[in-house]
There are 2 protein chains.
Amino acid sequence: MTVSPPKPRDIPLNALRAFEAAARLGGFAAAGAELGVTPGAVTAHVKALEAELGVALFERQAKGVALTALGQRCLPQLVGAFDALAAAVQLLRAEAAPRVVHIATLPAIAQLWLSPRLPQLRLAAPEISISITAMEAPPNLKRAPFDLCLFYGHGQGSLAEDVIFPVCSPSVADRLHEVADLADVPCLSDATWAQDWQVWLGQAAPEASILPRGPVFSLYALAVEEAVNGAGVLMGHEALVARHLERGALVAPFGPRVTLPRGLRLWAARPVFRGSAVEVVQRWLSKV
Amino acid sequence: MTVSPPKPRDIPLNALRAFEAAARLGGFAAAGAELGVTPGAVTAHVKALEAELGVALFERQAKGVALTALGQRCLPQLVGAFDALAAAVQLLRAEAAPRVVHIATLPAIAQLWLSPRLPQLRLAAPEISISITAMEAPPNLKRAPFDLCLFYGHGQGSLAEDVIFPVCSPSVADRLHEVADLADVPCLSDATWAQDWQVWLGQAAPEASILPRGPVFSLYALAVEEAVNGAGVLMGHEALVARHLERGALVAPFGPRVTLPRGLRLWAARPVFRGSAVEVVQRWLSKV
DNA sequence: TTCTAGGGTTAGAAATCCTGAGGGTTGAGA
DNA sequence: TCTCAACCCTCAGGATTTCTAACCCTAGAA
């Protein structure tokens with residue numbers, strides 16, 4: 001009968017959000033990444049929440065954490081609530097800035113595919129402004145404030161297949177006549193697409209036992225720049241090097257073009273209303 | 001095409017909550033009261049949100065604020081989301097402390113009606129602990145963390161009618177023989193029930209033109225205490241003075257008992273599961 | 001006019017929140 | 001078995017957010 005907690009203090013919203021993210025994503029590190037904070041901050045929030053409730057929500061294990069049964073019972077409601085909240089925020093944003101379209105995409109796509117098209121898009125729809133955010137992986141569309149996503153992947157809305165083949169500057173190309181010559185030049189690669197060379201070699205020259213060597217870049221656009229400057233041979237993704245091929249800054253010294261089982265996809269975060277700015281941009285990008 | 005806001009920064013949850021409360025309640029002062037902060041804090045939150053969105057959400061008028069059209073369009077979603085969030089929190093609390101029942105009630109009821117019953121309730125259900133929070137008005141049940149509400153009002157779940165009549169200590173009663181004698185003794189009253197004397201006189205002695213005078217208390221329980229000490233005559237609410245009448249500390253010197261058009265009501269914030277602690281307490285309080 | 005209710009400011013204090021460094025534990029692969 | 005890579009924890013600052021308190025301002029009511 002004791003008046004246990006004299007005042008049922010209300011729970012900090014941020015702690016709730018941290019718990020929800022950690023529970024949904026199955027770890028504090030992942031939750032921190034989604035929320036844009038360090039895992040330590042998530043730890044603190046979860047601990048505060050547990051202290052407030054007087055119950056353990058996670059079982060700490062050496063490798064990762066596991067939701068307690070209690071946490072599992074409450075999670076669905078919490079996820080639903082935060083989804084609804086995120087949706088409300090999206091509505092608020094859309095109402096506040098109806099002519100702004102937020103696009104999430106890979107850094108490489110942003111710089112090499114999207115950016116060159118923006119001037120024309122501006123001419124075609126001058127009243128619309130575009131906001132581009134680069135990230136390594138498609139965001140959680142129920143939460144992140146984006147209207148369109150542009151990534152490589154499977155499924156609907158493919159703008160183009162992902163076709164790869166070696167490219168280099170014309171001067172470097174002069175030294176290359178057959179696939180075996182690749183052993184003699186630096187083979188540039190991108191950290192996130194580290195498999196490119198193996199995949200291409202496996203399809204284009206399965207019998208050749210070449211081990212491509214060369215610098216690894218963390219930004220594909222940088223690797224492209226280096227290739228243009230004659231630093232070596234890069235595995236080119238058609239959509240991303242097309243402009244340089246047209247201009248002659250890069251050439252494809254030889255051979256087989258390998259089509260990867262994925263495409264450049266553009267999709268909307270939410271149903272798109274006819275005539276909305278998002279629809280205009282989506283239609284325009286799909287057409288060009 | 002400018003990358004207008006370089007980063008679509010995410011909106012502070014607390015600012016959203018402040019806006020939602022202000023919009024729903026129609027004022028910053030009311031929102032501050034609900035959230036337990038000063039109006040100035042609400043002002044700051046709303047302003048931060050407006051700055052973030054780049055839009056006005058309220059039209060400031062000299063007397064109060066009014067939602068803009070944009071605010072009105074977004075409000076329902078936002079209210080729904082926070083309702084869902086509150087529900088999730090309630091679930092979390094209930095799961096974390098299933099044997100704790102939170103009751104919201106008037107200070108007077110807490111002290112004079114509920115508190116005397118608690119020892120017996122403890123005997124009847126020793127595994128349940130009760131948390132009592134006193135407040136002037138029933139809380140918003142979709143938001144506030146309570147399981148049961150106990151207030152005067154209309155509707156279902158009435159435990160008793162609200163019957164009022166003058167009470168005083170036996171020594172004071174000796175000097176009172178008829179209603180007119182009230183003019184000669186202090187008439188205690190409570191600030192929140194300031195009408196009590198007028199209502200009772202209007203029904204009990206409509207022709208008498210007595211203007212009751214005496215100290216006004218902000219806590220009814222204090223007024224009761226004073227009446228017991230012989231400080232004057234108090235308009236007693238039957239449920240709240242019953243114990244003192246039984247013990248003889250207070251007596252009803254005369255007359256008519258007036259039944260107000262309201263009762264002492266007990267209701268649950270949410271559907272109550274059979275066998276739950278809330279159900280046990282609700283049933284027990286309704287019976288006693 | 002004066003009073004009252006409701007908002008807007010501001011500075012400074014309080015609480016919250018975050019980072020960054022250091023430490024553990026475990027499982028996988030060399 | 002050893003090392004590495006993932007995780008998580010703690011802790012102490014310090015940055016940021018949030019709140020209060022006291023002030024001013026306006027419009028309508030008494």
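In what follows, chains carry the letters A, B, and so on, assigned in the order in which the sequence lines appear, proteins first and then strands, with residues in each chain numbered from 1. FYI, side chains are in, hydrogens and waters are out, and symmetry mates aren't considered; it's all heavy atoms of this structure. Predicted model only: the values in this text are computed from it and were never measured.
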With a 4.0 Å cut-off on heavy atoms, is A:Gly32 in touch with a base, just the backbone sugar-phosphate, or nothing at all?
nothing
Have a look at A:Ala41 and say if it touches a base, only the backbone sugar-phosphate, or nothing, with a 4.0 Å heavy-atom cut-off.
base
Whole angstrom is fine here: how far is it from [atom1] in [X] over to [atom2] in [N]?
X: A:Glu50; N: D:dC8; atom1: CD; atom2: C1'; answer: 13 Å
X: A:Leu25; N: D:dA6; atom1: CG; atom2: P; answer: 18 Å
X: B:Ile11; N: D:dT18; atom1: CD1; atom2: P; answer: 13 Å
X: A:Leu13; N: D:dT18; atom1: CG; atom2: P; answer: 10 Å
X: B:Leu16; N: D:dT17; atom1: CG; atom2: P; answer: 15 Å
X: A:Glu34; N: C:dC18; atom1: CD; atom2: P; answer: 14 Å
X: B:Arg17; N: D:dC19; atom1: CZ; atom2: P; answer: 8 Å
X: A:Leu35; N: C:dT19; atom1: CG; atom2: P; answer: 11 Å

Do you know the tightest heavy-atom contact between B:Ser131 and B:Val100?
CB-CG1, 4.4 Å
What class does the angle between the rings of B:Tyr220 and B:Trp193 fall in, given that below 30° is parallel, 30 to 60° is tilted and above 60° is perpendicular?
perpendicular
For the pair B:Phe19 and B:Phe58, name the ring-plane relationship: parallel under 30°, tilted 30 to 60°, perpendicular over 60°.
perpendicular
Does [N] have its OP1 or OP2 closer than 4.0 Å to a side-chain nitrogen or oxygen of [X]?
X: B:Thr38; N: D:dT20; value: yes
X: B:His45; N: D:dT17; value: no
X: A:Lys47; N: D:dT10; value: yes

Member of B:Arg270, B:His102, B:Arg93 meeting the side chain to side chain donor-acceptor pair (under 3.5 Å) criterion with B:Asp147
B:Arg270
If you find the nucleotide of DNA chain D closest to A:Asn14 and the one closest to A:Thr43, which residue's nucleotide is nearer the 5' end?
A:Thr43
Salt bridge (Lys or Arg N to Asp or Glu O under 4.0 Å), that's the test. Do A:Glu50 and A:Arg60 meet it? Break it down for me.
CA-CA 13 Å; A:Glu50 289 179 325; A:Arg60 272 74 170 178; 2.9 Å; yes
